[in-house]
Amino acid sequence: MKTPLVELPISTNAGQFVARYSEKGLAELRFPSVGRASQRAVKPIGISAPIRRWHRATAAALKAVLAGRSPGKLPPLDLAGTEFQKSVWRALRKIRSGQTKSYGEIARAIGKPTAVRAVGGACGANPIPVLIPCHRVLAANRKIGGFSGGLNWKRTLLAREGAIFR
DNA sequence: AGGCTCATGACTC
DNA sequence: GAGTCATGAGCCT
């Protein structure tokens, strides 16, 4: 049986993100929901010390990336996905700030050069956008490609990092 | 440049 | 199994 995730907000100059934690680490990060102005404050009571510590790291990392810098130290990640998806997410974490790769390059990097489309699928299934930088994956011609959180987010993040794209 | 078609792998129902 | 893609390459116009 699955224990529910602890949900904590992160206020940034780009809106309020929401982080979710399991007992093993950061499990999900969600973009600010549009149309929803604010959300109830979460009491620090009842939240374990490790989660509070992880949350500070998450918030700092998120703000760093939003400012176009490297995230620094991340909390432990508790990623739920297939082996294929996890291998894609591992490859994404190697893309440095300001750099980009194509879906095809990721496919080759994980040893499945023909699984290009599947790489796109795995990017879309990424539970921790921004910190696992799925926004740094472009189509082959440096065109923008897609983004599950909305293309504007992808453009914004890339622009803040100074990456080159169309 | 844009548009179409096809091969393709993982995932979902 | 069929249908769905955040692709990519090739071939048009």
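So you know, we letter chains A, B, ... as the sequences are listed, proteins then strands, and number each from 1.
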- request: Would you mind reading off the distance between A:I144 atom CD1 and C:dG8 atom C1', rounded to a whole angstrom?
  value: 17 Å
task: Nearest whole angstrom, please: distance from the P of C:dT7 to the CZ of A:F84.
output: 13 Å
query: Of the candidate nucleotides C:dT7, B:dC11, B:dG9, which contains the atom at the shortest distance from the side chain of A:Q85?
result: B:dC11
Most 5' of A:A125 and A:R108 on DNA chain C, judged by nearest nucleotide: A:A125
query: Does a salt bridge link A:E161 with A:R69, judged by any charged N lying under 4.0 Å from a carboxylate O?
result: no
- request: For the side chain of A:A139, starting at C-beta, report the closest nucleotide among C:dG8, B:dG9, C:dA6.
  value: C:dG8
- request: Would you mind reading off the distance between A:N126 atom CG and B:dA10 atom P, rounded to a whole angstrom?
  value: 18 Å
query: Contact class for A:T114 vs. all strands (heavy atom < 4.0 Å): base, sugar-phosphate, or nothing?
result: sugar-phosphate
- prompt: Between A:F17 and A:F31, how do the two ring planes meet: parallel, tilted or perpendicular, split at 30° and 60°?
  reply: tilted
query: Taking the side chain of A:V116 as its heavy atoms from C-beta onward, which of B:dA10, C:dA6, C:dT7 lies nearest to it?
result: C:dT7
- prompt: Below 4.5 Å, heavy atoms only, C-beta onward: do A:Y103 and A:V119 meet side chain to side chain?
  reply: yes
- prompt: With a 4.0 Å cut-off on heavy atoms, is A:G124 in touch with a base, just the backbone sugar-phosphate, or nothing at all?
  reply: base
- line: Checking C:dT7, C:dA6, B:dA10 against the side chain of A:K154 (C-beta onward), the nearest is C:dA6
- request: Check DNA chain B for consecutive Watson-Crick or G-U pairs with both distances under 3.5 Å and list the runs of at least three as stems.
  value: B:1-7 with C:7-13, B:9-13 with C:1-5
query: What nucleotide among B:dC11, B:dG9, C:dG8 has an atom nearest to a side-chain atom of A:A115?
result: B:dG9
- prompt: With distance as the sole test, does A:R108 use its side chain to make a donor-acceptor pair with the main-chain N or O of A:P113 at under 3.5 Å?
  reply: no
statement: Rounded to whole Å, CZ of A:R117 lies from C1' of C:dT7 at a distance of 6 Å
message: Determine whether a donor-acceptor pair (N or O, by modelled atom type, separation under 3.5 Å) exists between the side chain of A:R20 and the backbone of A:E28.
response: no
message: If I take atom CZ in residue A:R136 and atom C1' in nucleotide C:dA6, what distance separates them, rounded to the nearest angstrom?
response: 17 Å
query: OP1, OP2 of B:dA10 versus side-chain N and O of A:K112: anything below 4.0 Å?
result: yes
message: In whole Å, I'd like the distance from the CG atom of A:N141 to the P atom of C:dG8.
response: 8 Å
query: With no hydrogens and no angle check, is any side-chain donor or acceptor of A:H55 less than 3.5 Å from a backbone partner on A:P50?
result: no
Nucleotide of C:dA9, C:dA6, B:dC11 approaching A:A140 most closely (side-chain heavy atoms): C:dA9
task: Please determine, for the side chain of A:C134, which listed nucleotide (C:dG8, B:dA10, C:dA6) has the closest atom?
output: C:dA6
query: A:Y103 has an atom OH; how far is it from atom P of C:dA9, in whole Å?
result: 14 Å
A:Y21 backbone acceptor or donor facing A:D78 side chain under 3.5 Å: no
- prompt: Given atom NZ of A:K143 and atom P of C:dA9, what is their separation to the nearest angstrom?
  reply: 12 Å
message: Could you check whether any side-chain heavy atom of A:T58 comes within less than 4.5 Å of a side-chain heavy atom of A:I10, counting everything from C-beta outward?
response: yes
